[in-house]
Amino acid sequence: MKYRGKAWKFGNDVDTDAIIPARYLNTSDPRELAGHCMEDADPEFVQKVRPGDIIVAGKNFGCGSSREHAPISIKEAGVSCVIARSFARIFYRNAFNIGLPIFESPEAAEAIQEGDEVAVDPERGVIKNLTRNEEYKATRVPEFMQQIIDAGGLINYVSNKLKSTRR
Amino acid sequence: MSMTITEKILAAHAGVDQVEPGQLINVKVDLALGNDITAPVAIREFEKTGVETVWDRDRVVLVPDHFVPNKDIKSAEQALLIRQFARKHNLTHYYEVGRMGIEHCLLPEQGLVGPGDLVIGADSHTCTYGGLGAFSTGVGSTDLAAAMATGETWLKVPESIKFVYYGDLPRWVGGKDLILYTIGRIGVDGALYMAMEFTGPAIEKLSMDGRFTMANMAIEAGAKNGIVPPDETTRRYVEGRAKRPYKFYQSDPDARYARVYEFDVSKLEPQVAFPHLPENARPVSEAADITIDQVVIGSCTNGRLEDLREAASVLKGHKVHPNVRLIIIPGTQEIYRQILKEGLVELFIEAGAAVSTPTCGPCLGGYMGILAKGERALATTNRNFVGRMGHPESEVYLAGPAVAAASAVLGRIAAPWEVAS
């Protein structure tokens, strides 16, 4: 199991202003951004979250602004991955581009409760709830997006491509 | 095979005859845009690619607009970073304070985007240019960085939803009301990953400014893009303005849509979206007895000339309510100059409003009108999320400029006809 930790539950339509409020966007320093992760949804989140923990949310997670600061703050806060019923599209792209693993799974988003111990096997697309001894399926990642992940993010993917065309 | 306007623009930029929803394609972009919040991250990523110069110095556009004129030292440093980058790469379209505007008001005004273009921007409201019949969509900073290096990006061809608006729009009802009503009907994820195509007799009569407002808020329904079929109104707007050749695309009559919505808007009331989601739209008559502390008229949604004229027509001869701060922010320097010429700046100041230089400022809770705990604002902006304009326990209601002006006068959310004749 690649990702394993305690689940922190959030509701539907968690917007990027809740993930990282604009009042902190006068910096792009990942550590500073991490210090305010999820602040307007749960002001104590940063104190409570432990490395490896997993955010579990409802539909349309990450709606609103295009700020990449949102997935950056989640990743830097130590969250290993995000599971949601669905993701807003810019957040979805951004997460892949910066290497924050995300999984769409209506089943898991419904069944997992706050505090459950959860583990994810990305290769098999399987989410395990160790507390409840249940297993859920995650939607398969399109092959092209898997290539971006395998390259270590979009910039590496593009750099490799540019190098190979120059040769 | 038949295609929608969105599919046709994507196919043309992918260099293929045909695309289908769900297909992943690599496309050439006509323009790539960043601002003072997203560009610093994009520049950092761009520099990791090892590419020495941007793909095309005429097509990478940087507009500092969110926290400029610089609101604090950190913002000043971010603005400096993109200024230095713009100079180093000799970018043609970098807009400094005094010449700038809110990016999505500025780019169409300056003729940098045109019908049939494919534009990506590291700002979610990049979808605004769909008002011109272009495909435009918001992306993150890393996507912008990749496009700055290569001139290309990847996209998944979206399914399209067609919206048909019938009937004549009543007085005081405009693009903002149409889009709030639409989001109210389908929800904030009602068009997730999809294209929203706005059509019908009411759209054909809608001004360019109204069309920009509608396309601007497509993202608030989760859409990838919003688009209006280009017509004579579009042609009049782009003629003499467009800096590059443009092309009108139209959906085929038998193009395929995931869904079709038909709305009769002949009796539509001005709309107000209640906290804390744009989908909480209701007719203004249902917003009785809601007192407000601040009104903001501006933003990439409603900071255009027509919006400010509409607000002025309501405010004329009235004073802003003693308990209200009215902040008016023209979208660009050109709009500012025009309202000055038309005497609207004087009218606004006479009424007791503050008129600001262009900035996104209060819309995203940056500066220039932050709300204290427990305060309530009505704004012509695009989002009313928790804490959007300030303290997490403040509230934002969204509406068009006529409702905003009437509310500023009465100190509570009000219909325009309560103030103007």
Side-chain angles (χ1 to χ4, degrees), chain A residues 12-18 21-30 32-33 39-41 43 58-61 63-72 85-99 142-145 148 153-163 165-166, chain B residues 24 37-38 40-42 44-46 48-51 66-67 71-78 121-126 137-143 145-146 149-150 152 154 156 158 187-189 192-193 219-220 222-224 276-277 279 363-367 370 383 385-388 390 392:
Chain A
N12 291 330
D13 306 311
V14 172
D15 60 78
T16 51
D17 284 278
R23 58 185 177 274
Y24 304 119
L25 296 186
N26 54 6
T27 178
S28 62
D29 177 56
E32 263 190 78
L33 295 171
E39 190 169 298
D40 284 2
K59 71 175 177 76
N60 204 24
F61 185 85
C63 64
S65 128
S66 69
R67 63 189 72 155
E68 212 158 280
H69 311 64
I72 290 173
R85 184 179 185 86
S86 63
F87 292 91
R89 64 160 285 274
I90 306 178
F91 184 92
Y92 185 85
R93 279 182 86 106
N94 287 348
F96 279 94
N97 287 347
I98 67 142
E143 198 186 311
F144 169 71
M145 307 215 47
I148 294 179
L154 181 69
I155 290 302
N156 287 345
Y157 176 83
V158 168
S159 302
N160 295 343
K161 211 168 125 184
L162 287 171
K163 271 178 217 144
T165 49
R166 268 187 217 133
Chain B
L24 284 163
I37 289 183
T38 58
V41 180
R44 188 164 74 200
E45 295 303 314
F46 173 82
K48 287 183 195 163
T49 63
V51 174
H66 279 58
F67 293 164
K71 82 176 177 102
D72 54 25
I73 295 170
K74 282 182 173 178
S75 305
E77 281 163 356
Q78 296 206 117
D123 187 278
S124 60
H125 292 110
T126 302
T137 193
V139 296
S141 297
T142 300
D143 274 317
T150 63
E152 295 176 3
W154 67 271
K156 188 172 166 183
V188 290
D189 62 347
L192 194 60
Y193 306 124
I219 178 70
E220 311 314 334
K224 174 170 269 179
H276 289 286
L277 285 175
E279 70 183 19
C363 171
L364 75 161
Y367 72 133
I370 302 302
R383 291 189 178 132
F385 300 151
V386 171
R388 175 74 178 176

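Note on naming: letters A, B, ... go to the chains in the order of the sequence lines (proteins, then strands), and numbering restarts at 1 for each one.
- Looking at B:Leu277, the atoms closer than 4.5 Å to chain A (heavy atoms on both sides) all sit in the side chain, from C-beta outward.
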For A:Arg93 and B:Thr137, what are the C-alpha separation, side-chain angles and deciding distance, and is it a side-chain hydrogen bond (donor to acceptor under 3.5 Å, both in side chains)? CA-CA 12 Å; A:Arg93 279 182 86 106; B:Thr137 193; over 6 Å; no
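- Heavy-atom pairs under 4.5 Å with chain A peak, among B:Gly121, B:Ala145, B:Ser141, at B:Ser141.
- Proximity to chain A (any heavy atom under 4.5 Å) is shown, for B:Glu45, by both the backbone and the side chain.
- If you measure heavy-atom distances from B:Ala42 to chain A, you find no contacts under 4.5 Å at all.
- Only the side chain of A:Asn94 comes within contact range of chain B, judged by heavy atoms closer than 4.5 Å.
- Distance OG/B:Ser124 to CZ/B:Arg383: 3.5 Å, rounded to 0.5 Å.
- The most heavy-atom pairs under 4.5 Å with chain B, out of A:Val158, A:Asn156, A:Ile98, A:Leu25, come from A:Leu25.
- With chain A as partner, the option from B:Thr126, B:Leu24, B:Val188 having the largest number of non-hydrogen pairs under 4.5 angstrom is B:Val188.
- For chain A, the nearby part of B:Thr150 is the side chain; its heavy atoms alone come within less than 4.5 Å.
- In terms of non-hydrogen atom pairs under 4.5 Å with chain A, the most contact-rich of B:His125, B:Glu152, B:Lys224 is B:Lys224.
- Listed for the A:Ser86 side chain is a donor-acceptor partner under 3.5 Å among the backbone atoms of A:Asn60.
- Chain A forms more heavy-atom pairs under 4.5 Å with one residue of B:Val386, B:Asp123, B:Asp143 than with any other, namely B:Asp143.
- Considering A:Asp40, A:Asp15, A:Asp17 in turn, A:Asp17 is the only one that fulfils the side-chain hydrogen bond (donor to acceptor under 3.5 Å, both in side chains) rule with B:Arg388.
- Between B:Arg44 and A:Glu68 there is no salt bridge, since no side-chain N of the basic residue sits under 4.0 Å from a carboxylate O of the acidic one.
- Contact annotation for A:Glu143: neither backbone nor side-chain heavy atoms come within less than 4.5 Å of a heavy atom of chain B.
- Heavy atoms closer than 4.5 Å to chain A are found in both the backbone and the side chain of B:Leu364.
- Atom CD1 of B:Ile219 and atom OG of A:Ser65 lie 9.0 Å apart (nearest 0.5 Å).
- Contacts between A:Pro142 and chain B at a heavy-atom distance below 4.5 Å involve the side chain alone, from C-beta outward.
- Counted by atom type alone, B:Ser75 and B:Asp72 present one or more donor-acceptor pairs between their side chains at under 3.5 Å.
- Looking only at distances, no side-chain donor or acceptor of A:Arg67 sits under 3.5 Å from a matching main-chain atom of A:Pro21.
- For A:Phe96, the ring pair (Phe, Tyr, Trp, His ring centres under 6.0 Å) test picks out A:Tyr92, with sequence neighbours left out.
- Using a 4.5 Å cut-off between heavy atoms, B:Tyr193 touches chain A through backbone and side chain atoms alike.
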